[in-house]
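In the text below, chain A, chain B and the rest are named by the order of the sequence lines, each starting its count at 1.
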Amino acid sequence: MDASSTHPLVTHAPGGFHAPGGTLDRFGPPAIQAEHLEVRYRNKVVWKDATFDVRPGEFVAVIGPNGAGKTTLFRMLLGLHWPSVGTLSVLGATPHRGNPRIGYVPQRHTIDSETHLECDKLVRLGYPGTRWGPGGRFRPTMWGPRFRLRGEREAAENALEDVGASELASKSLGSLSGGELQRVFLAEALVGNPDMLLLDEPLSNLDLRRSRELVETIHGLVQARGVTTLLVAHDINPMIKCLDKVIYIANGRVATGAPSDVLTSESLTALYGVHVEVLRDSRNNIVIVGGEDDRGEEGA
Amino acid sequence: MSGAAAGPPFSWNLVSDLRAMLAFEFMRNAFAAGTMIALVAGVIGYFVVLRRSSFASHALGHTGFSGAAAAVLVGVQPVYGLLVFTIATATGMAFLGNRAASRDVEIGTVLAFALALGLLFLSLYQGYATEAYSILFGEVLGISAAGVSFTIWTGLLVLAVVVIIYRPLLFASLDEDVAEAKGYPMRFLNLAFMILLAVTISIAVQIIGVLLIFALMVTPAAIAVRLTKRVLWAVVLAVLIAMAATWAGLFIGWYEPYPVSFFIVGIVFMAYVCVRGMSALQSSAFLQAVDAPESEGVRALGRASLAAALSQVLLVAGGVVLLVDLLAFPNAAWNPGRLARHALPAVLLLGAGAVAGATSFVLYFSGFRRMATSSREFTNPAFLTLMGILGISLAAAGLVLFLAGVALTSSSYPLAPVAELFGVPFLFLGIILSVVGLFGQAVGSWKVGLRYQERSLRTGAVLMIVPMVGNALSFLGYRRALARGPPPASSTP
C-alpha cells in the first residue's frame, strides 16, 4: 500500500467510539499503518476491521485478554501471518519475513535451566542478516591467519550495555532470573539496530518492581534510539506513565488511542459490547472490571 | 588376560602396545572408523542436547535396527539398510513438525514397532543370533576396509554440512521464534538436522550398536555442556570425550575378553557420573559456611600441612623400602602374597602414609571451609580438597577391588574379572582426583599467604610439588600467620 498516504491520527473503533491519537508531535510517514485489517487463524476470525497507525518513535502497549490476537498482530508485522482482508504497511513497506529493521522478542515462558550457554552467544545470533557458515572468516595477522567474527562482538557488547546487562555477557542462560533473561532477549533484538521493536509479554514473569525497571529500560531505549516499540502486556500499570498509545484488542475488535482515552469505561464498554468499568486508585493505577466473564482483567 | 586377539601382552609402554595392536588390519579399521564416528557423534550430539531431541536420536537408532535387519535379510551391508530406514524416519519426524522430536509417546510407539519389525526380519533370516547381537550392541572389530572408507566419507560429508548450516542451526535450536522471524528456512533446517542425525546414527551403530547409541551420541555432549558455556568449546569437548572413550575402549578391549562396547559406554558413563557428582558436591552442604573464627581455620590448615609432610615422609620411606625390596628379589612374582612376605615393612609404611595423607586432606578441607566463611575466595580450594577426599576414598576402594581381583583370579572365582574391571578405573580416577585435591591445597595455601602477607606460605605453596619440603614450609608459614593474627578488617568482604 501507499506508505506516504496520511491517515488521520484519530482512530475509529468499530464500537462507534473514537479517541484521538498519542502525542502528535511526530511527523513523517507512519511506522505502522493498518486499514480495515481482518485476521483469521485456522479459518476463524480473530479480529476484524482494525484501522490504526503507529508513528515513528512511539511507545505503544498492546493490551487485551488471552487469545485476543495480540501475538497474531506481531506475526503479521513480521510477515509470518497474512491479513485476510485489509492492508498493512510496516516501516513503509508490506510486511516481509526477515525484515532486518524489526527486532523481535517472542513470548517465552522460561528457558531450561539446563541451557548452559553464554548469553553473549544468543545476543550475537541476533546480529542482522541470515548468514550461513561458521559466522566469520580467516584474516591474516602477525601470527598467521586467525578466525575473526565480523563486528558481532562489539555490537553485542553495545546492545547488552544499552539494556544494562553488560555483566550478564558471560553468564549461562540457564542461570538467569526472569528479569535478566528479558534483558538479554531485548539485547538480542537490539543488536541489529532495528527501527522497530516488537516485545511479546516481556513482563509476564516479572514482579511489579522488576516490571517497572524493565519498562524504564525500554522507555529509555525508545527515547535514546527513537525506536518505535510495541509491547504486549497483560497489565498496563507498570508502563502507563511512558506510553504514547494503546492498542486494545478484545472481543474481535481493536481500539487505538492515547491511554487516557482508550482506558475509559465508555470506550471499553463499546469495545466489549457489555458494561465495563474502569476504576482508578489513588496512585492512578487502573483496574478493569467486567468485560470478560465479569472477571477483573487488569490488576494492580 | 589377552582375550580379544593373539597379540603380545600388555606392557606399560603404551606406544609399543598401540603399535602391536595396529599391526592388525581389523584394529586399524576399528580405530579409523571409531575416530571418525566419535568426531561426528560429538558434533551432532551437541545439537541433539541443545535441541532436547535425545529421545528422538534413541528412537532413530531403533528404527535403524529394523533397517539393518532388512538389509541383512536381502543380503546387503547393514549400514545401507540403516541409512534408508533412519533417513525415512527422520524425514517423517521433520515433517510432523518442529516439536515432534520431543514427543515421547509418539516416538516410543514408533520405537517399539521398529524393534518388532527388526525382530521379524531377523527371524526370517537364518543367521539370527550373531547378526542381531552385532546390530544391537555393535561390532567394531568387524568393520571392513570398505566400511571404513564409507564411514570416513560419510562422516566428512556430515561435518561439511554442519559447517555450512552451523549458525542458522544454532539459532534455530536455541531461539526458534526469532530465527523464524529473521527469515531462516526453519523447515529446511529441521529436515537437514534430522537427516544429519540419521546418517550419524547409521554409521555410529557399527561400533556401538542401536541399543547403546545414546552413550556416544548424547552423553559426551551432555557432559561437555556442563563443563563449558561456550559453543565451540562444548563441541570440541564432546568430540574429545567421545574420542577418548572410543580409543580407550578399543585399547582395553584388546587386552580384555569383554565387549568393546561395554568399555566405551562404561568410560562415558563414569565421566558423566563424575561431572554430575562434581556439580552436586559444589552445591552440597559441605561447602556452606560454618560458624567458626578464622584463626581456627588457620590452625587446622597448620595441622593439615604437618600431617601432609608426615604422610609424605612415610610414603617416600615406604617407596624406598619397596624399591630396595624389588631390587633384592627381582624374580619374585608380583602378587599380594609376595608383598605380605617380603615387603611387609614397606606396605606398613605406605599404609601409614596413606592414612596420614587422608587425615591431612580432611584437615585441609575443614581449614579452607572455615576460611571460606570469612572470605569466599577459599570456596574453590575447599571444593578441590573435597574432590581430593573423594579421590582418596575412590582410590582406596579401587585398590581393595583390584587386590581382591588379583587374589581371586587364581581361584576360578567368577567375580574376579569384575573386581578387576572396576578396581583399576577406580584406582586411576581416585589418583587423578587426589592430584586435583593437592592442587587445591596449593592454591589455598597461596591465597592464605596473600591474605596474611606471609611469604613463606606462598613459597610453600609453590614448593608443594616437592614432597615434604612444601608442606613443612607451609606448616611454619601457618604458625607464623596464626601468631600474626587476622588481616585488617578492610580485606574482609
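Here the CG-CE distance, from B/Asp177 to B/Met186, works out to 8.0 Å after rounding to the nearest 0.5 Å.
One finds a salt bridge joining A/Lys245 and A/Asp53 here, because a Lys/Arg side-chain nitrogen approaches an Asp/Glu carboxylate oxygen to under 4.0 Å.
The stretch residues 73-83 of chain A places A/Arg75, A/Leu78, A/Leu80 near chain B, each with some heavy atom under 4.5 Å from a heavy atom of that chain. Residues from residues 231-246 of chain B that place a non-hydrogen atom less than 4.5 Å from a non-hydrogen atom of chain A comprise B/Val231, given in numerical order.
Heavy-atom contacts from other residues, nucleotides or ligands closer than 6.0 Å to CZ of B/Arg230 number 12 or fewer.
The shortest side-chain heavy-atom distance between A/Val184 and A/Leu168 falls under the 4.5 Å cut-off. Residues A/Lys70 and A/Ile247 are not in side-chain contact: their nearest non-hydrogen atoms beyond the backbone lie 4.5 Å or more apart. The side-chain heavy atoms of A/Asp162 and A/Arg225, taken from C-beta on, include a pair separated by under 4.5 Å.
Between B/His58 and B/Phe55, the two ring planes are parallel [angle under 30°; tilted spans 30° to 60°]. A/His219 and A/Phe59 have parallel rings, their planes meeting at less than 30° on a 0 to 90° scale where 60° marks the start of perpendicular.
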If you apply the rule side chain to side chain contact (heavy atoms under 4.5 Å, CB included), what do you find for A/Val232 with A/Gln107, and how did you get there? CA-CA 9 Å; A/Val232 168; A/Gln107 181 178 10; over 6 Å; no
